[in-house]
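All heavy atoms count here, side chains included; hydrogens, waters and symmetry mates do not. We count ligands from 1, going down the list as the structure has it; atoms in each ligand are counted the same way.
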Amino acid sequence: MSSVLISDLGEHHGVRFLLARDEPTHPELPGNKWRKLKYNLREADRLGLNTLLTFGGAYSNHLAALAAAGRLLGRPTIGFVRGDELAHRPLNPTLARARADGMALHFLDRETYRRKHEPDVLAELLHETGPAYVLPEGGSNVLALPGCAELAQELLTRLDFDVLAVACGTGGTLAGLLTGLAGQRQALGLAALKGADFLRADINQLTQQATGRTYLNWELRTDYHGGGYAKLGPALRQFIVNFRQQHGILLDPIYTGKLLWGLFDLAAKGHFRRGSTIVAVHTGGLQAWAGFGGEPV
Ligand SMILES: Cc1ncc(COP(=O)(O)O)c(C=O)c1O
């Protein structure tokens, strides 16, 4: 994989900001998507499972990316979508694109969806679809971590920084970055969903599974969700528009917009030591704009 692009975002309140642009690395599997998939694909091959199966909400970047991966790699993909089928008619742009990429979409009522990883529920779903390699929601399992760790390792060798910051949904990307940092520097996650305190335990569990340990050099902020998952209020939208005008870089409406918005706010409040350098990761997610009436202008 080619190395990640670094953009200098200048100084804000005495703190230097860099953006590690992982989103153009692979246009169809942007940012954390390819990183999380990479070692899972190897495992699927090892197990002799050609079909890839996963779960997601109707706007899931992960569903979209897995469908694109299936098309690019010539592998069948199956997506279980949260919610009744009728509620998703007509298909939104994310789901329409996933289907166009060849993903077989199945809809699960919310109760079954909630129980999807219980062994008997999963067995029944696989009975319906036939054998497949199962990726959890968001693609965040233990094998998602080493691909994300590679990004942290690359950044450590290329840049002098104090804090590595990333937006969190399931926490798998932050967990992977932590294993790559291996206790060096600080990491900061900003949760994109409301009530995300549970993520701390999930992240510790993932790093424990992957490397046999948990880390202390990180913090999760749960107060920059902007009203909840996929909520894009006028102030956040305006921030994203201004950011694009100033830096020529488009952020996504669900994750990275909130990340940069939150980081600049934290800098304004004196959260970071003056003179420190923060590297924020642009994890992609731009396909989601299609579900928000298109890219902002
Ligand atoms: C663009 C983008 N950024 C960040 C994240 C958060 O990643 P994670 O679920 O690993 O916390 C996601 C979700 O997968 C995403 O699509």
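Q208 and N204 share no side-chain donor-acceptor pair at under 3.5 Å. Judged by distance alone, the side chains of N40 and N141 do bring a donor and an acceptor atom under 3.5 Å apart. Checking Y215 against Q184 by side-chain atom types alone, no donor-acceptor pair falls below 3.5 Å.
Atoms of ligand 1 lying under 4.0 Å from at least one heavy atom of G172, given by number and element, are 8 (P), 10 (O), 11 (O). Distances below 4.0 Å separate heavy atoms of S140 from the following atoms of ligand 1: 10 (O). Each of the atoms 1 (C) of ligand 1 lies under 4.0 Å from some heavy atom of G284. Contact atoms of ligand 1 toward A167: 4 (C), 6 (C) (distance under 4.0 Å to a heavy atom of the residue). Every atom of ligand 1 with a heavy atom of G285 under 4.0 Å away is listed here by number and element: 1 (C).
Residue contacts with ligand 1: G31 is excluded, as none of its non-hydrogen atoms falls under 4.0 Å. For the ligand labelled ligand 1, residue L174 lies outside the 4.0 Å heavy-atom shell. Close to ligand 1: K36, with a non-hydrogen atom less than 4.0 angstrom away.
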**Request:** Please assess Y229 against Y255 for the test side chain to side chain donor-acceptor pair (under 3.5 Å), listing each intermediate value before the final yes or no.
**Result:** CA-CA 9 Å; Y229 185 74; Y255 294 98; 3.1 Å; yes
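The shortest contact between atom 9 (O) of ligand 1 and any protein heavy atom is with T170 OG1, 2.6 Å. When only non-hydrogen protein atoms are considered, atom 4 (C) of ligand 1 lies nearest to T283 OG1, 3.3 Å. Looking at atom 6 (C) of ligand 1, its nearest protein heavy atom turns out to be G169 N, 3.3 Å. Of all protein heavy atoms, the one closest to atom 14 (O) of ligand 1 is K33 NZ, 3.2 Å. For atom 2 (C) of ligand 1, the nearest protein heavy atom (residue, atom name, distance) is Y255 CD1, 3.3 Å.
The option with the heavy atom closest to atom 5 (C) of ligand 1, from among L193, N32, T173, is N32.
Annotation: G171 places an N or O atom under 3.5 Å from an N or O atom of ligand 1; distance criterion only. Checked against a 3.5 angstrom limit, the closest N/O atoms of D252 and ligand 1 fall outside it. The shortest N/O to N/O separation between N61 and ligand 1 falls below 3.5 Å.
Between F80 and T54 there is no side-chain heavy-atom pair separated by less than 4.5 Å.
Residues passing the side-chain hydrogen bond (donor to acceptor under 3.5 Å, both in side chains) test with Q287, sequence neighbours excluded: N61, T94.
A cation-pi arrangement, defined by a distance under 6.0 Å to the six-membered ring centre and an angle within 45 degrees of its axis, is present between R185 and F161.
Crowding of R97 atom CZ: a count of heavy atoms from other residues, nucleotides or ligands under 6.0 Å not exceeding 12. Summarising the local packing, CG of L216 is surrounded by 12 or fewer heavy atoms from other residues, nucleotides or ligands at distances under 6.0 Å.
Going from atom CZ of R21 over to atom NE2 of H282 covers 6.5 Å, rounded to the nearest 0.5 Å.
Of the possible polar contacts, none joining the T256 side chain to the L259 backbone as a donor-acceptor pair under 3.5 Å is found.
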